[in-house]
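Written out below as structure tokens is the structure these notes cover.
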Amino acid sequence: MGNKLPKPNGEVLEKLLTEQVSIQEKLLWEAADSRKKTHRHNFEKEAPLTKDQKVLAEIQKLLSQQQELQKKILWEAADSRKVKHALRKEAEVTPSREAMVLDEIQRLLKDNLEVQRKLLWEAVANRKNQDVIRTVAATPTLNEVQEYVDARQLSFLDTIKVIRDEGLSFARFGDGEMKSMLRPDYNLSFQKNSPALASALRSVYTDTSDNLLLGFPYLYREAHWSGVWCDVWPQMKKLVYLHDRVGNSHVSRPVFFQNTGEEGVEAWRSVWAEKRVTVITGKGSRFENVPALFDGTKSFDYIYSTPSNAFSDLTRVKAEVASSDADIFLISLGPAGTILANDLAKAGRQAIDIGHISDSYVNVFDGGDWPENKPAVIAKQV
């Protein structure tokens with residue numbers, strides 16, 4: 001009997017490759033998360049990094065080993081293809097050669113997986129170390145923000161009560177508005193920054209008019225917001241004490257409904273109950289007329305701006321507002337909405353920068369997507 005060509009152990013190879021892909025996905029996530037935190041906080045100068053440097057050196061070493069293994073795998077795979085091609089073409093090749101190639105590929109895959117497991121362990125350990133460093137480095141800044149919030153910021157429900165009882169307009173500042181105001185190179189996906197936009201936002205923040213309530217962010221202490229506060233607080237703290245009180249910007253975010261439930265829904269409904277409401281939002285935006293929030297209004301209309309870069313469209317929008325008989329305007333336009341709320345307040349109209357309130361309601365009460373996970377513009381159904 002002639003030698004039979006050995007059957008490749010496909011199940012073993014498939015299992016190894018599947019595990020390799022899974023580990024690579026985790027590695028990519030860990031690497032991306034690490035890069036974001038390093039770029040966002042730049043904490044290397046604020047805490048000792050000897051341990052981190054050792055970790056990074058070990059990762060670099062393991063990556064080098066991985067690259068060498070992958071080169072060998074690629075070479076062996078290419079060589080295997082050549083063998084198969086020769087088998088088909090000439091029908092005379094020593095069967096044991098392909099078996100040796102497959103065995104070598106399987107061995108290399110196992111070695112590669114072991115290296116990736118070590119890399120993943122190191123990446124996770126590195127992320128935990130960075131979290132500790134971030135927490136230690138950010139604590140003084142966060143404590144300063146906390147002191148300000150405790151002294152000047154209204155609670156969730158008190159923010160809405162003041163807007164309703166005093167008939168105030170409301171201009172919210174979040175991370176996007178603060179960074180657009182303070183960082184010339186910062187751009188949102190739907191709003192390009194410019195000196196004019198930054199100047200307009202600063203004018204809003206320094207406006208102390210009696211008919212405008214300024215919104216200041218809810219104080220989160222997680223990675224994203226820790227980075228935001230470490231970045232902007234040195235400049236923001238020079239502006240914030242212009243106001244004796246500020247509202248909570250997150251009254252239209254999921255955290256508001258998570259904390260207040262139906263009481264929060266009823267609080268918002270009382271602001272526009274039996275009033276003629278006009279929503280100002282981008283054309284094709286994801287803003288929804290959610291009955292649970294808005295079915296108590298006297299009327300409900302829309303004024304549409306551009307789906308992106310709405311700041312450049314504000315002059316046209318304000319001309320359209322001038323001819324409206326609405327009692328209250330609800331604005332969902334990003335940083336442009338913050339500016340527009342202030343402009344309309346100056347013109348004697350009540351305007352509330354409402355942001356993602358409908359998406360936030362749906363997220364909390366109906367299990368919908370997180371607001372930023374939805375497209376900024378909803379495609380038309382054909």
Side-chain angles (χ1 to χ4, degrees), residues 25-47 52 123-150 153 156 172-191 193 198 201 205 215-237 239-240 246-259 286 332 334-335 337-338 353 355-357 359-360 363-364 368-376:
E25 288 175 348
K26 292 177 182 177
L27 277 168
L28 285 172
W29 187 91
E30 292 289 347
D33 190 59
S34 179
R35 284 197 304 273
K36 287 178 183 177
K37 289 177 181 176
T38 301
H39 175 71
R40 188 179 293 144
H41 307 306
N42 194 22
F43 287 149
E44 289 86 347
K45 298 179 182 178
E46 300 186 41
D52 279 352
V124 171
N126 187 44
R127 177 165 59 87
K128 290 179 179 178
N129 289 338
Q130 286 190 337
D131 285 344
V132 171
I133 293 170
R134 172 187 61 79
T135 300
V136 171
T139 294
T141 295
L142 294 176
N143 287 345
E144 285 188 21
V145 180
Q146 185 71 64
E147 183 179 350
Y148 170 75
V149 164
D150 290 344
Q153 188 180 54
F156 283 139
R172 298 180 309 115
F173 274 76
D175 54 345
E177 287 74 25
M178 291 189 296
K179 286 188 174 183
S180 294
M181 178 174 69
L182 300 172
R183 300 289 174 263
D185 58 345
Y186 178 79
N187 291 283
L188 292 163
S189 61
F190 56 88
Q191 178 63 68
N193 204 353
L201 287 168
Y205 208 94
F216 187 83
Y218 177 80
L219 179 56
Y220 287 102
R221 289 177 173 265
E222 42 74 61
H224 169 73
W225 275 98
S226 293
V228 171
W229 288 122
C230 287
D231 180 24
V232 305
W233 184 246
Q235 290 169 275
M236 285 298 299
K237 66 182 179 181
L239 303 174
V240 295
V246 291
N248 194 310
S249 291
H250 281 70
V251 289
S252 61
R253 297 289 302 177
V255 66
F256 168 79
F257 292 114
Q258 289 165 355
N259 279 271
R286 57 183 185 242
S332 179
T338 301
D353 174 14
H356 297 302
I357 191 170
D359 282 343
S360 297
N363 170 258
V364 173
D369 291 335
W370 189 257
E372 282 75 17
N373 289 343
K374 298 176 69 174

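Since we're looking at a predicted model, the values are computed, not measured.
- Counting heavy atoms from C-beta on, the side chains of T338 and M181 never come closer than 4.5 Å.
- The aromatic rings of W229 and W225 sit tilted, their planes meeting at an angle between 30° and 60°.
- When every heavy atom of P371 is checked against every heavy atom of P254, the shortest pair comes out as CD-CG, 4.0 Å.
- A 4.5 Å side-chain heavy-atom check between P217 and H250 finds at least one atom pair inside the cut-off.
- Taking every heavy atom of both residues into account, P335 and L201 meet most closely at O-CD2, 3.9 Å.
- Of the inter-residue distances, the one linking M236 atom CE with K179 atom NZ reads 13.0 Å to the nearest 0.5 angstrom.
- Side-chain contact between F256 and V364: absent, with no pair of heavy atoms (C-beta onward) separated by less than 4.5 Å.
- Listed for the N259 side chain is a donor-acceptor partner under 3.5 Å among the backbone atoms of V255.
- Side-chain atoms of D175 and H224 include a donor-acceptor pair closer than 3.5 Å.
- Using a cutoff of 4.0 Å between basic side-chain nitrogens and carboxylate oxygens, R172 and D353 are scored as salt-bridged.
- No side-chain heavy atom of Q146 sits under 4.5 Å from any side-chain heavy atom of L142.
- In terms of modelled atom types and a separation under 3.5 Å, the side chain of Q153 and the main chain of F216 share a donor-acceptor contact.
- Defined by atom type and a distance below 3.5 Å, a donor-acceptor pair is missing between the side-chain atoms of E147 and N143.
- Counting only distance, with no hydrogens or angles, the side chain of E177 and the backbone of G174 share a donor-acceptor pair below 3.5 Å.
- Rounded to the nearest 0.5 Å, atoms OG (S180) and CG (D185) are 10.5 Å apart.
- Ring geometry for Y205 against F173 counts as perpendicular: the plane angle is over 60°, on a 0 to 90° scale with 30° as the lower cut.
- Of all heavy-atom pairs spanning N363 and G368, the tightest one is ND2-O, 2.9 Å.
- For R134 and E222, the salt-bridge test fails: no basic side-chain N is under 4.0 Å from an acidic carboxylate O.
- With N193 contributing its side chain and N187 its backbone, the two residues share no donor-acceptor pair below 3.5 Å.
- Taking the side chain as every heavy atom from C-beta outward, Q235 and M178 never approach each other to under 4.5 Å.
- Remark: side-chain polar atoms of S249 are paired, donor with acceptor, to backbone N or O of G215 under 3.5 angstrom.
- Distance OG1/T139 to CZ/R221: 7.0 Å, rounded to 0.5 Å.
- Using modelled atom types, no side-chain atom of Q258 and backbone atom of R253 make a donor-acceptor pair closer than 3.5 Å.
- The aromatic ring centroids of F156 and Y218 lie less than 6.0 Å from each other.
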